[in-house]
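Below: the structure, in structure tokens.
The structure presented is a predicted model; accordingly, all values stated were derived computationally and were not measured. We use all heavy atoms of the structure for the numbers below, so side chains are in, but hydrogens, waters and symmetry mates are not.
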Amino acid sequence: QVQLKESGGGLAQAGGSLRLSCAASGGTVNNYYMGWFRQGPGEEREFVASISWRDGSTYYRDSVKGRFTISRNSAGNTTYLQMNNLKPEDTSVYYCVADRVVLPGNFWRLLDYWGQGTQVTVSL
């Protein structure tokens with residue numbers, strides 16, 4: 001059973017940066033997409049970014065394009081989300097996800113493996 005564990009969340013000021021990490025264990029995710037969703041209080045969980053296992057293609061929601069960068073280590077079992085120029089509206093719990101396909105149109109409840117989430121808070 002694949003387990004995902006996030007780290008790197010915390011508090012940042014607007015305009016600052018944070019880097020999230022997500023490590024997979026308990027099974028291989030080498031042929032899985034990995035990605036990030038986020039969920040604010042009272043809001044639906046939303047897609048943030050994902051990366052393909054096949055060719056390293058990356059996908060982002062429009063509001064984070066040019067500010068966030070997703071990457072993956074060479075072993076394929078850890079993904080990173082570098083978040084620059086953070087805004088207060090980026091404040092959310094960020095969840096790591098892995099599945100055979102993770103794309104912007106995916107409904108989050110249908111995706112297989114999730115981490116427990118890490119809080120990101122951006123202050124003015």
(Q) Minimum heavy-atom separation for Tyr32 and Ala98, please, with both atom names. (A) CD2-C, 3.9 Å
Q. In Å, rounded to the nearest 0.5 Å, how long is the span from CG of Asn31 to CZ of Arg54?
A. 9.0 Å
**Q.** Pairwise side-chain contact, Leu11 with Val122, heavy-atom cut-off 4.5 Å (strictly under)
**A.** no
Q. Applying the 4.5 Å side-chain criterion to the ILVMFWY set and letting contacts propagate, would Tyr59 and Val102 be lumped into a single cluster?
A. yes
Q.
If you count heavy atoms of other groups shown closer than 6.0 angstrom to CG of Leu110, is the number above 12?
A. yes
Q.
Does the structure place the NZ or CZ of Arg72 under 6.0 Å from the centre of the six-membered ring of Tyr80, at an angle of no more than 45° from the ring's axis?
A. no
Q: Provide the closest heavy-atom pair for Ala14 versus Pro88 in the form atom of the first, atom of the second, distance.
A: CB-CD, 4.2 Å
Q) Among the clusters formed by ILVMFWY side chains lying less than 4.5 Å apart, do Leu103 and Trp53 turn up in the same one? A) yes
Q: Decide whether Trp108 and Glu46 meet the rule of one side-chain donor and one side-chain acceptor closer than 3.5 Å.
A: no
Q: Look at atom CD of Gln116 and say whether more than 12 heavy atoms of other residues, nucleotides or ligands are closer to it than 6.0 Å.
A: no
Q) According to a 4.5 Å side-chain heavy-atom criterion applied to Ile, Leu, Val, Met, Phe, Trp and Tyr, with indirect links allowed, do Trp36 and Phe107 form part of one hydrophobic cluster? A) no
Q | Inter-residue atom distance Thr78.OG1 - Lys5.NZ, 0.5 Å rounding | A | 13.0 Å
Q. Which heavy-atom pair separates Asp99 from Leu111 by the least distance, and what is that distance?
A. OD2-CA, 3.2 Å
Q. Parallel, tilted or perpendicular for Tyr94 and Phe68, by the 30°/60° rule?
A. tilted
Q) Under 3.5 Å, is there a donor-acceptor pair between the side chain of Glu6 and the main chain of Gly117? A) yes
Q. Looking only at atom types and distance, does a side-chain atom of Ser57 sit under 3.5 Å from a main-chain N or O of Ser52, one as donor and one as acceptor?
A. no
Q) Which value, rounded to the nearest 0.5 Å, describes the distance between Asn84 atom CG and Thr69 atom OG1? A) 6.5 Å
Q) Under 3.5 Å, is there a donor-acceptor pair between the side chain of Asn73 and the main chain of Gly76? A) yes
Q: Answer yes or no: is there an ion pair linking Lys87 with Asp90, defined by an N-O contact shorter than 4.0 Å?
A: no
Q: Please assess Gln39 against Ser92 for the test side chain to side chain contact (heavy atoms under 4.5 Å, CB included), listing each intermediate value before the final yes or no.
A: CA-CA 5 Å; Gln39 187 169 17; Ser92 282; 5.8 Å; no
Q.
I'd like to know whether Leu18 forms a side chain to side chain contact (heavy atoms under 4.5 Å, CB included) with Leu86, so could you lay out the CA-CA distance, the side-chain angles of the two residues, the decisive distance to 0.1 Å, and finally the verdict.
A. CA-CA 8 Å; Leu18 286 173; Leu86 283 162; 4.0 Å; yes
**Q.** Pair Trp114 and Phe37, ring centroids less than 6.0 Å apart
**A.** yes
Q) Should Cys96 and Thr79 be marked as a side chain to side chain contact (heavy atoms under 4.5 Å, CB included) after you check the CA-CA gap, both sets of side-chain angles, and the distance that decides it? A) CA-CA 8 Å; Cys96 180; Thr79 186; 4.0 Å; yes
Q) Are Met34 and Phe47 joined in one hydrophobic group, where the rule is that I, L, V, M, F, W and Y side chains link up if heavy atoms are under 4.5 Å apart? A) no
Q | Co-membership, hydrophobic cluster, residues Leu81 and Ile51, 4.5 Å side-chain | A | yes
Q. What heavy-atom pair brings Ser17 and Gln82 nearest, and what distance separates the two atoms?
A. CB-NE2, 3.9 Å
Q) Taking all non-hydrogen atoms of both residues, which atom of Val29 and which atom of Ala24 are closest, and how far apart? A) CG2-CB, 3.7 Å
Q.
Whether the Arg61 and Ser63 side chains hold a donor-acceptor pair (N or O, under 3.5 Å, no angle test) is what I'd like checked.
A. yes
Q: May I ask you to establish whether Arg38 and Tyr95 are in a cation-pi arrangement, using a distance under 6.0 Å from NZ or CZ to the six-membered ring centre and at most 45° from the ring axis?
A: no
Q | Closest heavy-atom pair and its distance - Lys65, Tyr60 | A | CE-O, 3.4 Å
